Number of protein chains: 2
Amino acid sequence: MTETPTASPLFGTLAVIGPGLIGSSILRRAQRDGTIARELVACDIDPAVRQRVTELGIADRVEADPLRAAADADCVILCVPVGAIATVGAQILPVMKPGAILSEVGSTKQSIINAIAPALRPDIPFVPTHPMAGTEYSGPDAGFATLFDDRWCLLTPLEDTDPAATALVETMWHRLGARTRIMDPAHHDRVCAIVSHLPHLLAFTICGTADDLADETRSEVLDFAASGFRDFTRIAASDPVMWRDIFLNNREALLEMLARFMEDAQAMARAIRWGDEDFIVDRIERGRHIRRSLLENRQA
Amino acid sequence: MTETPTASPLFGTLAVIGPGLIGSSILRRAQRDGTIARELVACDIDPAVRQRVTELGIADRVEADPLRAAADADCVILCVPVGAIATVGAQILPVMKPGAILSEVGSTKQSIINAIAPALRPDIPFVPTHPMAGTEYSGPDAGFATLFDDRWCLLTPLEDTDPAATALVETMWHRLGARTRIMDPAHHDRVCAIVSHLPHLLAFTICGTADDLADETRSEVLDFAASGFRDFTRIAASDPVMWRDIFLNNREALLEMLARFMEDAQAMARAIRWGDEDFIVDRIERGRHIRRSLLENRQA
């Protein structure tokens, strides 16, 4: 399945709407390898972002108007915040060329699909994706060509999405460096709720809990954070608007996972209060077991 | 305050009871530098540990009986699990030399102090310490001479502990490589509850929550753990008996911090359910703020 670097471009024109961390990384990789599209178009409503993209020279054309960017594209990737994806999608769908592909890179899937569904066209295949890559930085300067190397990109096509379009988007992600998996959208949301959204929610929350402590204790939290707290804050440094949108857009799955977690934490609290040693050891052993599985899986 | 490497030893004989990760690291550093004691004694009730310490050659004398190890020591450091510290301390106190120092390295302080209090002698200064260093490994082979370099060691002397003895133990920890701070025992327990014990409890719990999911989702948790879950499991790999003892011995402070955390998590859940965007963003901003403080503090 390995393709030669001289593979011909998948698309004539690729439009990236929202060239932030993810979008600008797509552009950089596509420009570096030349195997994704013959023409790269970047579009952003923010003049400062357009100026920066122009200075970086990572697109052949920079547009202010999504309609102009989408009109002659063979593939449009919406890289705007989760909360704006359906709106921008509905705005550009009417002007897209028949047969062109619409894709997006949001971290949640079901709510985006539900919101954009009324605007979808039978002649425009819609291929939702979720590249599981990122850093704590954002904006066009934060991207880099190797961001997706060996990272997962999950694809959640709809039941009626043309399989050929899904295959084309999958090939694009392979060329961007990623491993891919196709998944049901609702299942995607549950998996991401437990592996990503709940850990982030807990990290943000414990930072707030620490911040509410008396001044003396709070300063010591910073001094002695190496003892575990620091690992939690590493993932708490992400973009607030992005995470607000993710939490609100994956509300159902996230609240279910949080409820399960809270039940388990309450059970642990009760075991500690009443000295139930076997229960406590059993819970810790399960943590170690999962840790070992991760090591065998080479993820840690 | 920097001392020359040729400083004369602080003690004639130092006895380490329980030469595991922490205890064997003390012995290794003391042996390497020669500035802590003229004679190093290791003591363990487990014949396999004694054999290994003998093979490693990190003590001048290896004893099976804590009474024999403690009888002629100028300083005894209890490096046994938190749940055994007061018991072993009460056992050896009657045979210790007048003026010798008793210390220990448990991760909680108030419950150890309460438990050992009836056995304390006015002529034996008791200096509880908590070296905040460790790895996920345990036993005499896990130790190394530089384990404490630039790590914190918190000292929680009692109100009537001889300040000269506290100063001597503090100097010992400087020579072991650590930074030190003196702290009230109850305050220590609250600080450690939020910076270390609560993060570990949450990490163990989320591993259990993930483990309870349907088989398909559980396998995907392992595949996609890089998205945040992995950072939580890094600290979930620690020794179950050690953590059981820590949780039970710091019960009050830990349950209070957990209760505060649960209230905060419930408030976040409610904000997500009702779409309170300002609340969510405020909580995330606080996480970022603490993260920035950590970076400025060079802890991250």
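Residue numbers start from 1 in every chain, and the chains themselves are labelled A, B, ... in the order their sequence lines are given, proteins ahead of strands. Values below: every heavy atom of this structure, side chains too, minus hydrogens, waters and symmetry copies. Not measured: the values here are computed from a predicted model.
Counting heavy atoms of neighbouring residues, nucleotides and ligands inside a 6.0 Å radius, atom CZ of B:F144 exceeds 12 of them. Atom CG of A:L158 has more than 12 neighbouring heavy atoms from other residues, nucleotides or ligands inside a 6.0 Å radius.
Residue with the most contacts toward chain A among B:V281, B:V241, B:D211: B:D211 (heavy-atom pairs, distance under 4.5 Å). Ranking B:G228, B:P240, B:A269 against chain A, the residue ahead of the rest is B:P240, based on heavy-atom pairs under 4.5 Å. Ranked by heavy-atom pairs under 4.5 Å with chain A, the first of B:R190, B:R260, B:E263 is B:R260. Each of B:H197, B:M183, B:R151, B:E220 has some count of heavy-atom pairs under 4.5 Å with chain A, and the biggest count is that of B:E220. Looking only at heavy-atom pairs under 4.5 Å with chain B, the residue among A:H200, A:R273, A:M257 that has the most is A:R273.
With a 4.5 Å cut-off on non-hydrogen atoms, B:I280 touches chain A through its side chain but not through its backbone. With a threshold of 4.5 angstrom between heavy atoms, B:Q266 approaches chain A through its backbone and through its side chain. Residue B:M268 touches chain A through its side chain alone, counting heavy-atom pairs closer than 4.5 Å. For chain B, the nearby parts of A:I206 are the backbone and the side chain; heavy atoms of each come within less than 4.5 Å. Using a 4.5 Å cut-off between heavy atoms, B:I194 touches chain A through backbone and side chain atoms alike. Residue B:H187 touches chain A through its side chain alone, counting heavy-atom pairs closer than 4.5 Å. Only the side chain of B:R181 has a heavy atom closer than 4.5 Å to any heavy atom of chain A. Heavy atoms of B:L202 lying under 4.5 Å from chain A belong to its backbone as well as its side chain. The part of B:L258 that comes within reach of chain A is its side chain, from C-beta onward, which places non-hydrogen atoms under 4.5 angstrom from that chain.
Atoms CZ and CZ, on B:F204 and A:R288 in that order, are 8.5 Å from each other to the nearest 0.5 Å. To the nearest 0.5 Å, atom CZ of residue B:R218 and atom OG of residue A:S293 are 9.5 Å apart.
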* A:L222/B:V195 under side-chain contact (heavy atoms from CB on, under 4.5 Å): CA gap, chis, key distance, verdict -> CA-CA 9 Å; A:L222 300 180; B:V195 301; over 6 Å; no
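Not a single donor-acceptor pair under 3.5 Å links the side chain of A:R244 to the backbone N or O of B:E277.
Side-chain N/O atoms of A:D264 and B:T209 include a donor and acceptor closer than 3.5 Å.
Taking every heavy atom of both residues into account, B:M132 and A:F224 meet most closely at CE-CB, 3.7 Å. Taking each heavy atom of B:A210 and A:I290 in turn, the nearest pair found is CB-CD1, 4.3 Å.
Using a 4.0 Å cut-off between a side-chain N of Lys or Arg and a carboxylate O of Asp or Glu, B:D212 and A:R286 qualify as a salt bridge.
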